[in-house]
Asker: 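Input: one structure, supplied below.
The structure presented is a predicted model; accordingly, all values stated were derived computationally and were not measured. These values consider heavy atoms only, across backbone and side chains, with no hydrogens, waters or symmetry-generated copies. Each ligand, and each atom within it, is numbered from 1 in the order the structure gives. Heads up: numbering here begins at 1 and tracks the sequence.
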Amino acid sequence: ENPLGVHLRAMGLGAGYISVEAVDVTESHRLARVRRDFVANVSHELKTPIGALQLLAEALLDATEPASATAPDLSEDLVAARRFAERIQHESTRLGRLVQELLELTRLQGAEPQPAPEPVSVDWVLAEVLDRTRTTAAARDIQVVTEGEKGLTAYGSDSQLATAVANLVENAVNYSGEGTVVRVATHADDDHVEIAVTDQGIGIAPNDVDRIFERFYRADQARSRSTGGTGLGLAIVKHIASNHGGRVEVSSTLGGGSTFTLRLPASPPDDLETILPSAGI
Ligand code: ADP
C-alpha cells in the first residue's frame, strides 16, 4: 500500500507486459475505523449506566435481605422484589461482560495502539489462567490440569495471552459435563510455542467448526446462552492469536470433546530488540 492508500497489484506477466490493477482502499479502511470507533465509544458510554444498575440492584438486595434487622419478616411483595433485584443483578452483570468484551475486541482490532511486545513466561500465563478460572471450574466440579514443558517463552502481551487461554479454558469448562477433566498442555518446537486446551465435553459439529470464531456465532444457542457467555470469546482469542503472529486451531468431535490449540511464534518479532535492547534475548 502506498501513502495514497492505493494497492497496486500485478495481474499478469504475459507477453512482455505487466497489467496493474489499482484498488482504492482508503475509503474501506476509513469506514472500518469509523465503525470500530463507534462501537468503542458506545461500549465506553454504556459502562457507567451498567455499573449504576449493578450497584442499585445490590442495594435492593441488601435492603431486602431476610436475615437483616431492617427486614426480619419479608412480605410477599418484598420476596417478589428481591427476586426481581436478583434478575436485574444477573442481567446487568451479563450486559457488563458483553460491553467489556466488545471493547476488548475493538481494541484488538486496532482501535487503540497495541502494547509493545515483551517476552512472556508461559508458566506465568498458565498460573494466571488457573487462578482466573478456579471458581468457575470448582462450581462444576471440573479439574483443570496443566502438563507438558515448563520454562517456555512467548512474545507479546502477557495480559492478552492470559485472556486468550482463559477464554479457551472457560469454554472447555462451560461445554463439559460435571466431574470431567480439562487439560492445558504446553509444547514447543524450533518455530512454535503451543498451548493446547483439551476437554471431554460436548464437542462441535463439523459444519459449526469453521464458524465458531465469528462474533456472536454459537453452535448450540440454548446451551451457549445458559453458560452466560457473550459469543465473543473465540473472536477475541482469534484476534489475540493473529496480533501475536500466531493462530488458533480446533479439532473436535461432536460428543467426543475438543482441543483448541494456540500456536505462537517461538522467536521474538523483529522489532523486539529495539524495544528491549537490554533484555538479553
Ligand atoms: P460463548 O460465549 O457462546 O461461549 P465463544 O465465542 O467463546 O462464545 O464460543 C462460540 C461457540 O463455540 C460457543 O457458543 C459454543 O457453541 C462453541 N464452543 C466454544 N468452545 C467450545 C468447547 N470447548 N466445546 C464445545 N463447544 C464450544
Asker: Using side-chain contact (heavy atoms from CB on, under 4.5 Å) as the criterion, point out the one residue from Val120, Ile236, Ile240 that pairs with Gln160.
Answerer: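 Exactly one pass, corresponding to Ile240.
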Asker: N/O of Tyr217 under 3.5 Å from N/O of ligand 1, yes or no?
Answerer: no
Asker: With respect to Ala219, determine whether any N or O atom, backbone or side chain, lies less than 3.5 Å from an N or O atom of ligand 1.
Answerer: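 Yes - when backbone and side-chain N and O of Ala219 are compared with those of ligand 1, one distance drops under 3.5 Å.
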Asker: Just one of Gln143, Glu147, Gln200 clears the side chain to side chain donor-acceptor pair (under 3.5 Å) bar with Arg183, so which one?
Answerer: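 Result: among Gln143, Glu147, Gln200, Glu147 is the only option passing the side chain to side chain donor-acceptor pair (under 3.5 Å) with Arg183.
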Asker: Using a strict cut-off of less than 4.0 Å between a Lys/Arg side-chain nitrogen and an Asp/Glu carboxylate oxygen, indicate whether Arg30 and Glu27 qualify as a salt bridge.
Answerer: yes
Asker: Under 4.0 Å from a heavy atom of Gly233: give me the atoms of ligand 1 that qualify, with their elements.
Answerer: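 Numbered from 1, ligand 1 contributes 5 (P), 6 (O), 7 (O).
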Asker: Could you tell me whether ligand 1 has any atom less than 4.0 Å away from a heavy atom of Phe260?
Answerer: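 For ligand 1, residue contact (heavy atoms, under 4.0 Å) with Phe260 is present.
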Asker: Mind checking whether Ile212 contacts ligand 1 via backbone (N, CA, C, O), side chain (CB onward), both or neither, at a 4.0 Å heavy-atom cut-off?
Answerer: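 Both backbone and side chain.
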Asker: Between Leu126 and Val184, is there a side-chain heavy-atom distance shorter than 4.5 Å?
Answerer: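 Contact flag for Val184/Leu126 side chains = yes.
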Asker: Where is the tightest heavy-atom contact between Val237 and Asn167, given as atom of each residue plus distance?
Answerer: CG2-CB, 3.6 Å
Asker: Do you know the tightest heavy-atom contact between His187 and Glu149?
Answerer: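 Scanning both residues, the minimum pair turns out to be ND1-OE2, 3.1 Å.
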Asker: If we only count N/O pairs under 3.5 Å, is Leu234 in contact with ligand 1?
Answerer: yes
Asker: Out of all atoms in ligand 1, which are within 4.0 Å of some heavy atom of Ser258? Include the element for each.
Answerer: 24 (N)
Asker: Which heavy-atom pair separates Gly203 from Leu254 by the least distance, and what is that distance?
Answerer: O-CD1, 3.9 Å
Asker: Report, in ascending order of atom number, the atoms of ligand 1 lying under 4.0 Å from any heavy atom of Gly203.
Answerer: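 Heavy-atom distances to Gly203 below 4.0 Å select 25 (C).
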Asker: Taking all atoms of both residues into account, what is the closest heavy-atom pair of Val99 and Ile50, and its distance?
Answerer: CG2-CD1, 3.6 Å
Asker: Hey, is Gly231 one of the residues with a heavy atom under 4.0 angstrom from ligand 1?
Answerer: yes
Asker: Under 4.0 Å from a heavy atom of Gly229: which atoms of ligand 1 are those, numbered in the order shown and with their elements?
Answerer: 2 (O)
Asker: Run the numbers for me: atoms of ligand 1, each under 4.0 Å from some heavy atom of Thr230, listed by number.
Answerer: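 Every atom of ligand 1 under 4.0 Å from some heavy atom of Thr230: 2 (O).
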Asker: Can you check which of Asn171, Val182, Val173, Asn174 brings a heavy atom nearest to atom 19 (C) of ligand 1?
Answerer: Asn171
